[in-house]
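Computed from a prediction, not measured in an experiment: that's the story for all the values here.
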Amino acid sequence: MLERCGMESLDELYSDVPDSLKLKRDYDLKPQMSEKEVRDFFEELAVRNQPLTCFAGAGFYDHYSPAVAQSIVSRSEFLTAYTPYQPEISQGTLQYIFEYQSMMSQLTGLEVSNASMYDGTTAVAEAMLMAVAHARKKNRVLVSATVNPIYREVIDTYAHYHGVTVDTIPEADGVTNLAALSELLAVGDVAGVIVATPNFYGILEDYTGLADMVHEAKALLIMTAPASALGVIRTPGEWGADIAAGEAQSLGMPLNFGGPYLGYICCTKALIRKLPGRIVGATKDADGQRVFVLTLQAREQHIRRDKATSNICSNQGLMALYASVYLSLMGAKGLREVNELSAAGAHNLAIRLVETGAFELKYPDKPFLNEFVVKFKGEVKLADFIEVCTSCGCLPGVMIADDELLVCVTEMRTSEEIDRYVWRAETFSKATLPNYNAATSPEMSN
């Protein structure tokens with residue numbers, strides 16, 4: 001290789017790499033091992049993981065994962081399948097993508113779904129670019145302060161490299177300040193508005209009249225929501241949104257240390273040509289049999305680069321199959337039951353945490369589904385309470401401020417796990433609250 005490159009050594013080959021980036025020691029690699037030794041090595045690493053009872057959410061949720069879904073996606077014809085360019089030999093892949101699109105359209109209440117995206121953050125960012133492309137001469141997007149912060153970070157990154165200006169709609173008591181939004185829209189030059197339901201704090205915001213306000217300003221309304229919640233809450237389509245985008249991991253996909261995830265993006269039929277990725281459609285062949293084809297492919301390798309809506313290279317096909325299997329198994333009734341169990345557990349835990357005296361609800365008058373924010377009232381740090389819980393095998397939530405904890409309950413949490421969470425809060429409060437009243441918070445065994 002060096003000879004063909006006209007070089008004398010590896011040092012010469014890598015001369016363009018700054019010296020500060022080069023490793024100055026030997027690789028930390030063990031000697032070669034047999035198959036059994038490799039298995040033993042990784043099993044030893046695996047047992048170091050401490051499984052935690054998860055009361056954390058913030059966009060990613062611990063929902064039940066049906067065994068049959070994991071079994072189906074593990075089949076080699078799905079697990080190793082690549083992009084379905086040849087429809088005559090990709091009918092199975094095309095069909096489950098078509099079914100996925102159909103179910104996501106039903107969930108969001110919108111007419112069109114693409115074949116999926118990498119994850120929720122990129123889906124929302126792509127939705128922002130759709131709004132800008134549709135507006136043509138407008139390049140300003142308004143994002144509610146109650147949208148998940150990680151979505152905002154990716155939105156800002158996309159905006160920076162596409163010349164888009166992103167302004168924040170301030171929040172008021174945990175919800176989008178619609179009066180402030182009206183003032184921002186009045187300035188003009190707004191291509192799209194992005195809001196969330198439930199929002200980052202778990203609150204179900206009332207968006208009555210929002211779509212009319214946004215559309216009067218000749219802008220598009222983009223709404224993001226965890227896919228599972230759409231089985232029971234008012235859909236983006238019902239709110240009058242033009243685009244729905246977000247994370248579909250809540251459709252039974254394991255958290256699995258951060259992925260893989262699945263982004264969904266749906267829109268009205270009028271925006272179908274602006275939708276990134278691909279769309280699978282159904283038709284009939286020469287014999288009159290139902291078949292599936294790639295109907296729209298708006299990627300740069302299919303059309304002229306300057307006409308492409310996105311350079312997203314592949315959809316999360318395997319995770320789209322997972323979502324399709326999950327939704328087929330659960331159905332509307334199962335999805336409602338999942339949300340009802342989650343909501344009941346969350347409201348039970350919220351009430352009991354407040355009763356311990358160690359916490360108070362930050363937004364006591366706001367409706368929530370299965371996620372809520374509590375403020376820690378102890379004299380020591382909230383981080384200490386989290387450390388105590390994690391050492392006992394419980395992840396109590398996501399700390400979003402020095403004294404604020406975002407807590408989530410799904411159908412996976414049992415009444416015994418909730419009891420143990422409350423017991424820890426009560427026990428911890430005794431050491432942190434000088435005026436703790438034992439009479440109002442009786443002991444519970446662990």
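- The OG atom of Ser182 sits 5.0 Å away from atom CE of Met213, with the distance rounded to the nearest 0.5 Å.
- Considering CG of Leu142 and CD1 of Ile222, their distance stands at 10.0 Å, rounded to 0.5 Å.
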**Item:** Verdict with reasoning, Phe55 to Val409, per side-chain contact (heavy atoms from CB on, under 4.5 Å)
**Value:** CA-CA 6 Å; Phe55 287 90; Val409 180; 4.1 Å; yes
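- Residues Pro198 and Ile233 have side chains in contact (heavy-atom distance under 4.5 Å, counting atoms from C-beta outward).
- The residue from Glu371, Lys366, Glu171 that alone fulfils the side chain to side chain donor-acceptor pair (under 3.5 Å) condition with Tyr201 is Glu171.
- Smallest separation of non-hydrogen atoms from Ile279 and Ser113: CG1-O, 4.0 Å.
- Considering only heavy atoms from C-beta on, Thr146 comes within 4.5 Å of Glu205 through its side chain.
- A donor-acceptor contact closer than 3.5 angstrom is absent between the side chains of Ser228 and Ser250.
- Atom CG of residue Leu178 and atom OG of residue Ser144 lie 8.5 Å apart, to the nearest 0.5 angstrom.
- You'll find the ring centres of Tyr100 and Tyr326 outside the 6.0 Å limit.
- In this structure a side-chain-to-backbone donor-acceptor pair under 3.5 Å is present from Asn199 to Gly174.
- From Leu129, atom CG reaches atom CD1 of Ile155 across 9.5 Å, with rounding to the nearest 0.5 Å.
- Between Tyr118 and Tyr261, the ring center distance fails the sub-6.0 Å criterion.
- No donor-acceptor pair under 3.5 Å is formed between the side chain of His160 and the backbone N or O of Asp156.
- Put simply, the side chain of Tyr64 never gets that close to the backbone of Gly252: no donor and acceptor are under 3.5 Å apart.
- The minimum heavy-atom distance linking Ala115 with Ile97 is given by the pair CB-CG2, 3.5 Å.
- Here the OG1 atom belonging to Thr224 is positioned 12.5 Å from the CZ atom belonging to Phe200, to the nearest 0.5 angstrom.
- Under the 3.5 Å distance criterion, the side-chain polar atoms of Thr157 are matched with a main-chain donor or acceptor of Glu153.
- A heavy-atom distance below 4.5 Å is not found between the side chains of Arg413 and Leu349.
- Judged by distance alone, with hydrogens and angles left aside, the side-chain atoms of Lys138 form a donor-acceptor pair with the main-chain N or O of Lys218 at under 3.5 Å.
- With salt bridges taken as basic N to acidic carboxylate O contacts below 4.0 Å, one links Lys375 and Glu404.
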**Asked** Where do Phe368 and Tyr363 land on the ring pair (Phe, Tyr, Trp, His ring centres under 6.0 Å) test, with the steps shown first?
**Response** CA-CA 10 Å; Phe368 64 89; Tyr363 307 110; over 10 Å; no
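- Summarising the geometry of Thr108 relative to Thr235, their closest heavy-atom pair is O-CB, 3.4 Å, with the distance given to 0.1 Å.
- Using modelled atom types, no side-chain atom of Gln101 and backbone atom of Val112 make a donor-acceptor pair closer than 3.5 Å.
- Separation of the Phe372 and His347 ring centroids does not fall under the 6.0 Å cut-off.
- The minimum heavy-atom distance between Val124 and Ala245, with the atom names listed, is CG2-O, 3.7 Å.
- Here the side chain of Gln50 pairs a donor or acceptor atom with the backbone of Thr390 at under 3.5 angstrom.
- Judged by distance alone, the side chains of Glu247 and Tyr151 never bring a donor and an acceptor atom under 3.5 Å apart.
- Remark: of the listed residues Ile386, Val398, Val373, Ile400, Ile386 is the sole one forming a side-chain contact (heavy atoms from CB on, under 4.5 Å) with Leu405.
- We find that Lys377 and Asp403 are not joined by a salt bridge, their nearest charged nitrogen and carboxylate oxygen being 4.0 Å or further apart.
- Side-chain contact of Thr168 with Arg152: a donor-acceptor pair under 3.5 Å is present, judged by distance alone.
- Remark: Asp167 engages Arg140 in a salt bridge, criterion side-chain N to carboxylate O under 4.0 Å.
- The CG atom of Asp40 sits 10.5 Å away from the CD atom of Glu35 when rounded to the nearest 0.5 Å.
- Of all heavy-atom pairs between Ala323 and Met253, the closest is CB-CE, 3.8 Å.
- A distance-only check finds a donor-acceptor pair linking the side chain of Thr295 to the backbone of Gly281 [under 3.5 Å].
- Of the possible polar contacts, none joining the Asp242 side chain to the Thr268 backbone as a donor-acceptor pair under 3.5 Å is found.
- Residues Glu111 and Ser105 bring no donor and acceptor atom of their side chains to less than 3.5 Å of each other.
- Between Asp119 and Thr122, the side chains place a donor N or O and an acceptor N or O closer than 3.5 Å (distance only, hydrogens not considered).
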